[in-house]
Amino acid sequence: MKEDWVECRLGDVCNITMGQSPPSSSYNSNREGIPFFQGKAEFTDKYPIQKIWCNAPKKIAYPNNILLSVRAPVGSTNIANQKCCIGRGLASISYSYNINFIWYFLKKNEVNLDAKGTGTTFKSISKNVLQDYPIPLPPLPIQRAIVSKIETLFTSLDKGIADLKTAQEQLKIYRQAVLKKAFEGELTRKWREDIALNGNKLPTADELLEEIKLERKTYYENQLKEWEADVQNWEKNGKKGSKPGKNSNPKKISELKEKDFDTYENLPNLWKWSRFGNISYKIGDIDHKMPKTVEDGYPYLSTGNLKNDGTIDFSNVKMISKDDFTRLALKIKPEKGDIIFPRYGTIGRCILIDFEKEFLVSYSCAIIKIIKKFISPKFAFYYSLSPVIKKEIKRYTVE
């Protein structure tokens, strides 16, 4: 403790009034009477939000009184910016000198005040505890200097936060600009020119599509053989259970001309417009029947588990049984290199699966099974985040 400071009790320097709820019949939303605040639910960073009025107040707080939450939770504070009625969830604290000094002190001690709360159903704190709470008190000029320094630093901090938000928004714009240039071919222009100068020749997109056609044909032929084997086993076992489902036949690679798009005017000579369906083994979702939750089982993700930073949160995921997992996985099962494409809520917040783990994704998302042999999963993933896809999402989204 500094020499010119003294330690005293909060009740020695402040007047403390505990709230008391008025009759519920006096509550209204028609602005009759004065604002009525019940607890932290109305608090903001500094001043509470008016939601209810009261025309028969019991306990009053006045402008520049501190409003302190004394019940569930304990310790949160705001400052009254007008005459108001306070319920039993609040206490009003007045100080004749620099109220902001007391307010900042209480904000610093919010956790300590909460620790003094008692009760089984919910915590509360009594007037006696508040009155006896110790406070170091400096002379008034030092109080003013402390508050002035705090507010100067907080102003700088608020500006820093605002600048950070602006930078984050600019970063989003920059990311989209980078993706746009990437899929116009601008980022690899010099690389392609160097290849040509060295007398080397790059394969064309048409050649790649031909290879993909053969790969897709082989994939579905193998799928058909597996299904036929499953049916034979099912018949040998007396046709017990459901007949194995047959995978759909592969769709032909559909043509897509550059004029169908107005986002990019031109593509490099060796490039060609195509479709996600053309570069994927399969795009689909699982059955639209919600499986039961179990305590210990396999993760079953929803859009809520897909984070803004492109990762998956498995900490609070729904778990399903092994039987449900096996049954649902027959239709489509996410694997490393696949893209998860949300179809509801956070539409288009795509996730690239870059790890090995057994899990399923609910029908709120589609799984894009990229043909990794010919298409880089990261290339397809970044394209799924590009301005072209965002524009298409906006075009087809139903509110």
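The shown structure was predicted, so the numbers you read here are calculated from the model rather than taken from an experiment.
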Original post:
Between the side chain of S280 and the main-chain N/O of G277, is any donor-acceptor distance below 3.5 Å?
Top reply: no
Subject >> Smallest separation among heavy atoms of L179 and P387, with atom names >> reply: CB-CD, 4.2 Å
Subject >> Nearest-0.5 Å distance, OG1 of residue T17 to CD1 of residue I86 >> reply: 6.5 Å
**OP:** Could you tell me whether the side chain of T311 and the main chain of K307 form a donor-acceptor pair under 3.5 Å?
**Re:** no
**OP:** Any chance you could pull the hydrophobic cluster mates of Y27, using side-chain heavy atoms under 4.5 angstrom and chaining through other members?
**Re:** F36, I52
Subject >> Heavy-atom side-chain proximity of F276 to Y383 below 4.5 angstrom >> reply: yes
**OP:** Give the other cluster members for L153, using side-chain heavy-atom distances under 4.5 Å between Ile, Leu, Val, Met, Phe, Trp and Tyr residues; answer none if it is isolated.
**Re:** none
**OP:** Would you check if the side chain of S362 reaches a backbone N or O of S364 as a donor-acceptor pair within less than 3.5 Å?
**Re:** yes
**OP:** Any chance you could lay out the salt bridge (Lys or Arg N to Asp or Glu O under 4.0 Å) test for K331 and D285, step after step, and finish with the verdict?
**Re:** CA-CA 8 Å; K331 186 173 181 183; D285 58 12; 3.8 Å; yes
**OP:** Find the distance between OG (S302) and CG (N316) and round it off to the nearest 0.5 Å.
**Re:** 9.0 Å
Original post:
Is there a donor in the side chain of S321 and an acceptor in the side chain of D323, or the other way round, less than 3.5 Å apart?
Top reply: no
**OP:** Using distance alone, with no hydrogens and no angle criterion, decide if Q82 and Q50 have a side-chain donor and acceptor under 3.5 Å apart.
**Re:** yes
Original post:
Regarding D230 and N233, is there a side-chain donor-to-acceptor distance under 3.5 Å anywhere?
Top reply: no
**OP:** For the pair E228 and K225, evaluate salt bridge (Lys or Arg N to Asp or Glu O under 4.0 Å) and give the outcome as yes or no after the intermediate values.
**Re:** CA-CA 5 Å; E228 290 172 343; K225 290 177 182 177; over 6 Å; no
**OP:** Look only at the side chain of Q143 and the backbone of P138, and say whether a donor-acceptor pair between them is shorter than 3.5 Å.
**Re:** yes
Original post:
Minimum heavy-atom separation for I34 to C85, with atom names?
Top reply: CD1-N, 3.5 Å
Original post:
Between atom CG of L68 and atom CH2 of W103, what is the distance when rounded to the nearest 0.5 Å?
Top reply: 12.0 Å
Original post:
ring-ring contact (aromatic ring centres under 6.0 Å, His included) with F183: which of F379, Y382, W271?
Top reply: F379
**OP:** Say whether, by atom type as modelled, one donor and one acceptor occur between the side chain of N98 and the main chain of N100 under 3.5 angstrom.
**Re:** yes
**OP:** Decide if atom NZ of K40 counts as having more than 12 heavy atoms of other residues, nucleotides or ligands within a radius under 6.0 Å.
**Re:** no
Subject >> Chi angles and distances behind the side-chain contact (heavy atoms from CB on, under 4.5 Å) call for I212, I371 >> reply: CA-CA 8 Å; I212 289 175; I371 302 176; 3.7 Å; yes
Original post:
Should E358 and K333 count as an ion pair when the cut-off is N to O under 4.0 Å?
Top reply: yes
**OP:** May I ask you to check whether S315 and D313 show a side-chain donor-acceptor distance below 3.5 Å?
**Re:** yes
Original post:
So, Y220 side chain and Y281 main chain: donor-acceptor pair closer than 3.5 Å or not?
Top reply: yes
**OP:** Examine the side chains of Q38 and S21 and answer whether a donor and an acceptor come within less than 3.5 Å of each other.
**Re:** no
Original post:
Which heavy-atom pair separates L67 from A61 by the least distance, and what is that distance?
Top reply: CD2-CB, 3.7 Å
Original post:
Are S69 and V74 close enough that some pair of their side-chain heavy atoms sits under 4.5 Å apart?
Top reply: no
**OP:** Taking the side chain as every heavy atom from C-beta outward, state whether R144 and F101 have any pair of such atoms under 4.5 Å apart.
**Re:** no
Subject >> Backbone of Y62 reached by a side-chain donor or acceptor of N65 within 3.5 Å >> reply: yes
**OP:** Could you tell me whether the side chain of L113 reaches within less than 4.5 Å of the side chain of V129, counting heavy atoms only?
**Re:** no
Original post:
Passes side-chain contact (heavy atoms from CB on, under 4.5 Å), R71 versus R88? Steps please.
Top reply: CA-CA 8 Å; R71 310 180 62 192; R88 60 178 179 167; 2.8 Å; yes
Original post:
Do you know which two heavy atoms are closest between C8 and D12, and how far apart they sit?
Top reply: CB-OD2, 3.8 Å
Original post:
Would W53 and S29 count as having a side-chain donor-acceptor pair, cut-off 3.5 Å?
Top reply: no
Original post:
Taking everything shown except K123 itself, do over 12 heavy atoms lie less than 6.0 Å from its NZ?
Top reply: yes
Original post:
When rounded to the nearest 0.5 angstrom, what distance separates CG in D206 from OG1 in T204?
Top reply: 5.0 Å
Original post:
Does a side chain donor of either T293 or K318 reach within less than 3.5 Å of an acceptor in the other side chain?
Top reply: yes
**OP:** Ignoring hydrogens and angles, tell me if any N or O in the side chain of S376 forms a donor-acceptor pair with the backbone of K372 under 3.5 Å.
**Re:** no
Subject >> Over all atoms of both residues, closest heavy-atom pair of C365 and R343 >> reply: C-NE, 4.0 Å
**OP:** Evaluate salt bridge (Lys or Arg N to Asp or Glu O under 4.0 Å) for D354 paired with K336, printing each intermediate quantity in order.
**Re:** CA-CA 5 Å; D354 57 0; K336 185 177 180 180; over 6 Å; no
Original post:
Can you find a pair of side-chain heavy atoms, one from I16 and one from S92, that are under 4.5 Å apart?
Top reply: no
Original post:
What distance separates I102 CD1 from K107 NZ, expressed to the nearest 0.5 Å?
Top reply: 14.5 Å
Original post:
Using links of under 4.5 Å between side-chain heavy atoms of ILVMFWY residues, direct or through other members, which residues join F325 in one cluster?
Top reply: I286, M290, V294, Y298, Y300, L301, L306, I312, F314, V317, M319, I320, L328, I332, I340, I351, I353, F355, F359, L360, V361, Y363, I367
**OP:** Give the intermediate values and the outcome of ring pair (Phe, Tyr, Trp, His ring centres under 6.0 Å) for residues Y95 and F105.
**Re:** CA-CA 13 Å; Y95 179 59; F105 170 76; over 10 Å; no
Subject >> Minimal non-hydrogen separation, D4 against P139, with atom names >> reply: O-CD, 3.2 Å
Original post:
For N30, does its backbone N or O pair with a side-chain atom of N28 as donor and acceptor, under 3.5 Å?
Top reply: yes
Original post:
Should L202 and R192 count as side-chain neighbours, where that means a heavy-atom distance under 4.5 Å?
Top reply: yes
Subject >> E193 with K190: basic N within carboxylate O range, under 4.0 Å >> reply: no
Subject >> Separation between CD of E42 and CG of L90, rounded to the nearest 0.5 Å >> reply: 7.0 Å
Original post:
Checking salt bridge (Lys or Arg N to Asp or Glu O under 4.0 Å) for the pair E184/K180: CA distance, chi angles, key distance, verdict?
Top reply: CA-CA 6 Å; E184 285 176 337; K180 182 177 185 296; 2.6 Å; yes
Subject >> R175 side chain reached by V178 side chain, heavy atoms, under 4.5 Å >> reply: no
Original post:
With a 4.5 Å heavy-atom cut-off, do N78 and D45 have their side chains touching?
Top reply: no
